[in-house]
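Chain A is the first sequence line, chain B the second, and so forth, proteins listed ahead of strands; every chain is numbered from 1.
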Amino acid sequence: MTGIRFFNTLTRNKEDFVPQSPGRVGMYTCGPTVYEYASIGNMRAYVFADILRRTLEYNGLEVNMVMNITDVGHLVSDADEGEDKMMISARRERKTPWEIARHYTEVFLDDTKRLNIRPVTVLCYATQHIPEMIAMVQELADRGYAYETSDGVYFDISKFPEYGCLSRINLSEQKAGARVEVNPEKRNPADFALWKKAPAEHIMQWESPWGMGYPGWHIECSAMGRQYLGDQFDIHTGGIDHIPVHHENEIAQTAACTGQPAARFWMHVEFLLVDGGKMSKSLGNVYTVSDLEARGIEPLAFRYLCLGAHYRAKLNFTWEAVAGAQKGLFALRRAVQKDSKEDRLRDVQGRALSHNALRFREDFLQAVNDDLNTPQALAVLWEATRSGLGSELLELARDCDRVLALDLAKGRLGPDVDIAAGDLPDYVRALLEERHQARLARNWKRADAIRDELAGLGYGVKDTPGGYQVTRIVTPDSH
RNA sequence: GGCGACAUAGCCAAGCGGUAAGGCAGGGGUCUGCAAAACCCUCAUCCCCGGUUCGAUUCCGGGUGUCGCCUCCA
């Protein structure tokens with residue numbers, strides 16, 4: 001079997017990946033803070049985590065994948081300043097934080113579904129694990145890593161000399177407080193909140209040894225990761241922006257309790273850029289999966305776009321690029337399904353792949369196992385489409401799709417959607433019939449005129465040896 | 001100001017010591033009344049300048065440029 005190699009942020013090296021328990025992998029993915037709609041930038045991170053999970057499973061490993069939903073405690077600033085994001089959205093939308101969380105969680109899960117991201121094994125909500133978090137904060141306090149201030153309980157970074165091991169940051173070189181005023185009660189500028197004492201207006205608050213309050217964002221992940229995966233698990237994933245603060249803090253918290261940095265492998269996805277720069281609200285380019293659909297781009301075309309770039313490289317999102325991805329995906333499916341007539345299909349299904357197809361499968365496996373080189377994996381599949389595999393190509397594609405999840409065997413084949421004849425308005429049917437007669441009479445002029453007319457009405461006609469085919473034209477917005 | 005990443009054809013991008021994967025777009029062709037689809041062919045010497053090497057897009061140094069983090073964010 002081809003060995004799996006992953007880039008580990010902790011060591012900055014590609015390393016052989018071997019699960020600590022044979023055959024089983026425990027992984028934790030930092031989930032969304034459900035205070036607004038997730039952008040396609042967020043979704044890239046979850047597509048990545050999904051590809052990682054699927055690749056492990058493709059290798060025959062059983063994956064226990066845990067993801068959190070942060071529905072409390074994520075403040076506006078990671079420096080523990082500002083308000084809880086949930087509270088701000090609640091005020092803005094005149095709803096309770098609970099309603100906010102429920103709504104955005106639902107939309108998020110729906111988006112992941114449309115992107116063919118498999119449901120995780122354990123989806124855990126921060127608000128449902130408060131006791132575990134309190135226990136961990138208490139443990140840190142008992143071990144001398146935490147101290148109480150007037151507004152909360154903080155982690156004392158000076159007690160954890162390894163702090164910075166992930167981001168390789170030298171705290172003494174950082175200009176903490178250069179831009180934001182540091183809480184004067186903090187012993188060290190980079191100390192972070194484990195527990196925040198809640199002001200009366202904060203709706204989400206719980207009883208604790210330090211009074212009413214709510215957990216810090218970082219302790220949420222540490223506590224839940226530990227609860228579901230143990231003191232030391234295999235992989236922890238997240239966005240590259242989490243390296244310096246969130247994951248550094250997670251490592252500090254867990255290691256202070258267990259002596260181990262939570263996960264053996266830390267894997268991080270790069271950012272998705274939009275038009276060469278960061279997406280931002282002020283530029284109005286924070287797109288969601290729904291925005292893509294509104295422009296006629298199917299969610300899976302975005303997934304295809306993500307797969308076309310390596311996860312550790314920045315990916316530049318442009319409308320031209322997704323449109324290209326959409327066309328490429330259609331073409332790939334067409335190539336795969338070309339020979340998938342039902343009878344032939346039944347013929348090949350379940351049969352072992354031929355020597356030729358197995359070679360492609362091996363190349364594909366090698367690509368994804370090499371630190372998830374999905375661009376290379378896609379190239380292998382494209383190569384296979386024109387290598388004369390015949391109907392067996394479909395079986396190969398099905399197999400690859402266990403990782404890619406692009407609906408290769410059943411997805412849409414083009415921008416136009418076929419319509420059943422019965423759904424056509426009478427006048428359209430009349431035009432079609434007239435055109436058909438015109439063609440039989442070799443009256444090309446009249447036939448083409450009708451085709452144009454139908455196009456104006458939103459219907460496409462294609463002539464095939466077996467007759468004509470009608471489609472509803474849903475061309476993507478050309479922007 | 002401090003730290004870091006990246007720079008490959010019109011676009012999205014692999015490769016990272018032995019003379020550049022793949023997709024989209026473009027050009028040419030086969031087929032079809034035309035169109036669509038399909039198929040075939042075609043389309044780059046890798047930001048600049050030095051250095052190391054038999055040999056560099058791939059390593060080192062210096063430029064230039066872009067992006068990011070330090071402040072919210074996957």
Side-chain angles (χ1 to χ4, degrees), chain A residues 29-33 35-36 38-49 74-79 81-82 85 88 167-180 189-190 237-246 268-273 276-281 286 301 304-332 334-335 338 363 367 370 373-383 385-386 413-414 416 438-439 442-445 447-448 451-452 455 460-465 468-469 471:
Chain A
T29 296
C30 277
T33 299
Y35 68 110
E36 62 175 56
S39 72
I40 53 175
N42 291 304
M43 299 320 288
R44 182 191 186 189
Y46 301 113
V47 167
F48 152 71
H74 196 161
L75 304 187
V76 165
S77 158
D78 281 353
E81 303 302 325
K85 292 178 172 184
I88 294 175
S167 56
R168 306 202 168 174
I169 213 167
N170 186 339
L171 284 175
S172 60
E173 287 171 3
Q174 290 293 300
K175 289 189 165 182
R179 297 208 190 190
V180 182
T237 75
I240 201 166
D241 55 313
H242 279 161
I243 297 173
V245 178
H246 185 51
H268 296 92
V269 216
E270 251 291 0
F271 270 103
L272 178 82
L273 305 179
K278 195 166 112 168
M279 63 172 75
S280 71
K281 285 219 171 100
V286 182
Y304 181 91
L305 180 71
C306 289
L307 264 39
H310 187 88
Y311 77 91
R312 281 191 290 117
K314 292 178 184 65
L315 170 58
N316 192 23
F317 175 93
T318 62
W319 287 105
E320 190 185 357
V322 245
Q326 176 73 81
K327 296 186 84 163
L329 177 57
F330 283 151
L332 184 58
R334 263 186 250 119
K338 180 172 52 184
D363 289 347
D370 179 17
N373 193 338
T374 49
Q376 179 59 38
L378 281 176
V380 169
L381 195 51
W382 275 106
E383 182 77 23
T385 62
R386 57 181 102 75
L413 301 180
D416 301 343
R439 289 193 75 237
R442 304 184 73 82
N443 182 353
W444 312 125
K445 214 173 167 183
D448 292 348
R451 183 166 59 195
D452 289 346
V461 202
K462 286 176 190 171
D463 301 306
T464 65
Y468 57 83
Q469 197 179 354
T471 57

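- B/A20 and B/C43 have their P atoms separated by 12 Å, with the value rounded to a whole Å.
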For nucleotides 9-12 of chain B, which of its nitrogen or oxygen atoms have a protein nitrogen or oxygen under 3.5 Å away, and what is each distance?
residue : atom : partner : partner atom : Å
B/C11   : O4'  : A/E320  : OE2          : 3.4
B/C12   : OP1  : A/N316  : ND2          : 2.7
B/C12   : O3'  : A/N316  : O            : 3.1

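- A donor-acceptor pair is defined here as one N or O able to donate and one able to accept, closer than 3.5 Å; such a pair exists between the side chain of A/S39 and the backbone of A/G41.
- Across all strands shown, B/U19 forms no Watson-Crick or G-U wobble pair with both key distances under 3.5 Å.
- Across B/C46 and B/G18, the matching C1' atoms stand 15 Å from one another, rounded to whole Å.
- Under the Watson-Crick and G-U wobble criteria, each requiring two contacts below 3.5 Å, nucleotide B/C3 is paired to B/G68.
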What string of B, S and - do you get for nucleotides 38-47 of chain B 5' to 3' if you count protein non-hydrogen atoms under 4.0 Å?
SS--------
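- Residue A/E383 is the one, among A/E383 and A/I240, whose nearest nucleotide of RNA chain B lies closer to the 5' end (criterion: closest heavy atom).
- Applying the side chain to side chain donor-acceptor pair (under 3.5 Å) rule to A/K327 yields no partners; only residues at least two apart in sequence or on another chain are considered.
- Using a 4.5 Å cut-off on side-chain heavy atoms (C-beta onward), A/Y35 and A/I88 make no contact.
- Remark: A/A325 pairs with A/Y304, A/L305 by the side-chain contact (heavy atoms from CB on, under 4.5 Å) rule, at least two apart or across chains.
- On the C1' atoms, B/G55 is 14 Å away from B/U45, given to the nearest whole Å.
- Counting only residues at least two apart or in different chains, salt bridge (Lys or Arg N to Asp or Glu O under 4.0 Å) contacts with residues 309-318 of chain A comprise A/E270-A/K314, A/R312-A/D371.
- Remark: A/T385 engages no residue in a side chain to side chain donor-acceptor pair (under 3.5 Å) (not counting sequence neighbours).
- Within the nucleic acid shown, A/A313 comes within 4.0 Å of sugar-phosphate atoms alone, with no base atom in reach, counting heavy atoms only.
- Here B/A9 sits opposite no nucleotide as a Watson-Crick or G-U wobble pair (both hydrogen-bonding atom distances under 3.5 Å).
- Pairing for B/C34 is absent, judged as Watson-Crick or G-U wobble with the two contacts each under 3.5 Å.
- Nearer to the 5' terminus of RNA chain B, by closest-nucleotide assignment, is the contact made by A/L329 (compared with the other of A/L329 and A/A45).
- Going from atom CD of A/E270 over to atom C1' of B/U66 covers 13 Å, rounded to whole Å.
- If you take CZ of A/R312 and C1' of B/G15, they are 13 Å apart, rounded to a whole angstrom.
- Nucleotides B/C34 and B/U57 are separated by 46 Å at their C1' atoms, to the nearest Å.
- If you take NE2 of A/H310 and C1' of B/G15, they are 12 Å apart, rounded to a whole angstrom.
- In this structure, the nucleotide among B/A5, B/A74, B/A21 sitting nearest to the side chain of A/Y46 is B/A74.
- At a threshold of 4.0 angstrom between heavy atoms, the contacts of A/H268 with the nucleic acid are absent.
- Computed from coordinates, the A/L378 CG to B/G15 P distance equals 13 Å when rounded to whole Å.
- Annotation: B/A14 and B/C59 have their P atoms spaced 16 Å apart (nearest Å).
- The nucleotide B/C43 finds no pairing partner, because no Watson-Crick or G-U wobble arrangement with both distances shorter than 3.5 Å includes it.
- Residues A/Q326 and A/V322 have side chains not in contact (no heavy-atom distance under 4.5 Å, counting atoms from C-beta outward).
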Hey, what are the protein-to-nucleotides 29-33 of chain B N/O distances that come in under 3.5 Å?
residue : atom : partner : partner atom : Å
B/G33   : N7   : A/R439  : NH2          : 3.4
B/G33   : O6   : A/R439  : NE           : 3.2
B/G33   : N1   : A/D448  : OD1          : 3.1
B/G33   : N2   : A/D448  : OD2          : 2.6

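- B/C34 atom C1' lies 15 Å from atom NZ of A/K462, rounded to whole Å.
- Heavy atoms of A/F48 sit nowhere under 4.0 angstrom from any nucleic acid atom.
- Across A/L307, A/N42, A/L272, A/T374, a single residue satisfies side chain to side chain contact (heavy atoms under 4.5 Å, CB included) together with A/V47, and that is A/L307.
- Using a 4.0 Å heavy-atom cutoff across all strands shown, A/G238 reaches sugar-phosphate atoms only and no base atom.
- Atom C1' of B/C40 sits at a distance of 45 Å from the matching atom of B/G50, rounded to the whole Å.
- Between the C1' atoms of B/U52 and B/G62, the separation comes to 15 Å (whole Å).
- Remark: A/R386 engages A/W382, A/E383 in a side-chain contact (heavy atoms from CB on, under 4.5 Å) (not counting sequence neighbours).
- B/A7 sits 15 Å from B/C12 when the C1' atoms are compared, rounded to a whole Å.
- With sequence neighbours excluded, no residue satisfies side-chain contact (heavy atoms from CB on, under 4.5 Å) with A/A379.
- Atom NZ of A/K278 and atom P of B/A74 are 11 Å apart (whole Å).
- Between A/K327 and the phosphate of B/A25, there is a side-chain N or O to OP1/OP2 separation shorter than 4.0 Å.
- For A/D448, the side chain to side chain donor-acceptor pair (under 3.5 Å) criterion is met by A/R451, not counting sequence neighbours.
- The NZ atom of A/K314 sits 16 Å away from the C1' atom of B/U8 (whole-angstrom rounding).
- Checked against side chain to side chain donor-acceptor pair (under 3.5 Å), A/S167 has the following partners two or more places apart in sequence or in another chain: A/E248.
- Here the P atom of nucleotide B/C70 and the CG atom of A/D241 are 8 Å apart, to the nearest Å.
- In terms of heavy atoms, A/G239 sits closest to A/H268 at O-CD2, 3.4 Å.
- Of the candidate nucleotides B/A36, B/A74, B/A5, B/A74 has the atom nearest to the side chain of A/M279.
- Not counting sequence neighbours, the partners of A/D370 by the side-chain contact (heavy atoms from CB on, under 4.5 Å) test are A/K14.
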